[in-house]
Amino acid sequence: LVTALQVTVLLFALPINARITHHRVTPWEWIWAVALAISVAVIVMVGNPASDQQRAPLATWLIVALVMGPALVFCVLGARIWSGAVAAVLLAVVAGSALALFAVLTKGVVEAAHGGLGAVLRAPEFYAWLGVALAGMVFQQASFRAGALTASLPTMTLAKPVVGWVLAITVLSEDLRVGDETVFVLVVAVAVMVVSTVALARGEAAGMEALGRRRSKATARSLARSER
């Protein structure tokens with residue numbers, strides 16, 4: 001329920017960002033933002049993965065590092081090559097993935113805390129937990145600086161629950177409590193989630209491109225008048 005409510009931050013962030021950047025939120029941006037928030041909430045609440053396992057063996061975490069590590073490094077390198085909305089989306093993927101990993105590691109840290117402070121300090125999850133929390137915050141701010149909020153925040157909103165969901169199922173062996181009657185609802189929600197995120201990011205890219213053209217024309221007109 002908490003994760004489902006967290007996605008509504010997008011609906012509050014859009015008007016705040018519009019006021020700061022003096023960019024009006026279009027009706028389609030509102031539509032896609034609401035669709036994204038509802039679809040992620042449906043996925044989290046309908047899927048409802050659950051398990052009694054709170055920690056995973058070190059070998060499992062090594063596999064996670066070998067899979068996620070190179071993928072996230074490529075996203076960071078891509079953000080250095082491309083700019084604007086593309087960079088914002090790539091960095092948001094890194095931030096969302098790190099925060100999802102933080103949420104999964106929190107279960108292990110809480111489990112270790114039952115044994116006292118010494119058990120926490122001996123738990124390898126604790127140090128990874130601190131590292132990914134720092135990385136998540138750093139890349140979150142980097143994604144916000146790289147492009148407008150309509151590119152980074154929807155991607156982060158999608159990445160955090162989805163990556164956390166995948167990690168919970170693969171690492172902690174959580175089971176999806178999905179009945180035959182809810183499979184269709186889950187599939188539709190996933191499709192809406194992906195489409196709305198892509199639509200928001202593409203809309204932002206198109207808006208930034210149009211803004212760049214308008215600024216270029218204004219600069220050209222200013223130079224032409226000064227030459228006269």
Side-chain angles (χ1 to χ4, degrees), residues 2-4 6-7 40 43-82 86-144 146 152-178 186-187 189-190 193-194 197:
V2 173
T3 304
Q6 283 178 342
V7 302
V40 173
I43 290 171
V44 172
M45 299 182 71
V46 172
N48 191 24
S51 173
D52 294 331
Q53 182 178 341
Q54 305 298 320
R55 305 178 69 178
L58 182 60
T60 302
W61 284 117
L62 290 176
I63 295 174
V64 171
L66 290 174
V67 173
M68 290 187 65
L72 298 181
V73 168
F74 284 136
C75 286
V76 175
L77 293 176
R80 295 179 65 87
I81 297 172
W82 295 288
V86 176
V89 167
L90 291 173
L91 292 173
V93 169
V94 178
S97 300
L99 294 173
L101 187 56
F102 171 80
V104 175
L105 287 168
T106 299
K107 290 191 172 185
V109 174
V110 172
E111 178 73 13
H114 294 160
L117 179 60
V120 172
L121 296 177
R122 290 192 300 270
E125 292 96 337
F126 175 68
Y127 301 98
W129 180 73
L130 292 177
V132 297
L134 178 61
M137 290 185 290
V138 169
F139 284 109
Q140 183 182 60
Q141 295 305 312
S143 69
F144 292 158
S152 57
L153 189 57
T155 305
M156 203 177 306
T157 303
L158 184 152
K160 183 180 176 183
V162 171
V163 174
W165 203 25
V166 172
L167 287 173
I169 294 171
T170 57
V171 175
L172 300 181
S173 302
E174 292 191 353
D175 296 322
L176 288 179
R177 298 178 178 179
V178 181
L186 195 60
V187 171
V190 170
M193 177 182 66
V194 174
T197 302

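As the structure is a prediction and not an experimental result, all values here were calculated from the model. Just so it is clear, the values below take in all heavy atoms, side chains as well, and ignore hydrogens, waters and symmetry mates.
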[X] and [Y]: which non-hydrogen atoms are nearest, and at how many Å?
| X | Y | value |
| --- | --- | --- |
| W82 | A87 | O-CB, 3.4 Å |
| A119 | A112 | CB-O, 3.4 Å |
| T170 | V166 | OG1-O, 2.8 Å |
| A92 | S143 | N-CB, 3.6 Å |

Any V73 side-chain heavy atom under 4.5 Å of L77 side chain: yes

message: Tell me which pairs pass salt bridge (Lys or Arg N to Asp or Glu O under 4.0 Å) where either residue lies in residues 117-140, with sequence neighbours left out.
response: R55-E125

Listing, residues 93-106 side-chain donor-acceptor contacts under 3.5 Å, not counting sequence neighbours, or none:
from: S97; atom 1: OG; to: V93; atom 2: O; distance (Å): 2.7
from: T106; atom 1: OG1; to: F102; atom 2: O; distance (Å): 2.6
from: T106; atom 1: OG1; to: W129; atom 2: NE1; distance (Å): 2.9

- request: Just do the side chain to side chain contact (heavy atoms under 4.5 Å, CB included) check on L121 and Y127 with the steps written out, would you?
  value: CA-CA 8 Å; L121 296 177; Y127 301 98; 4.0 Å; yes

- prompt: Nearest 0.5 Å, what's the CZ-CG distance between F139 and L90?
  reply: 11.5 Å

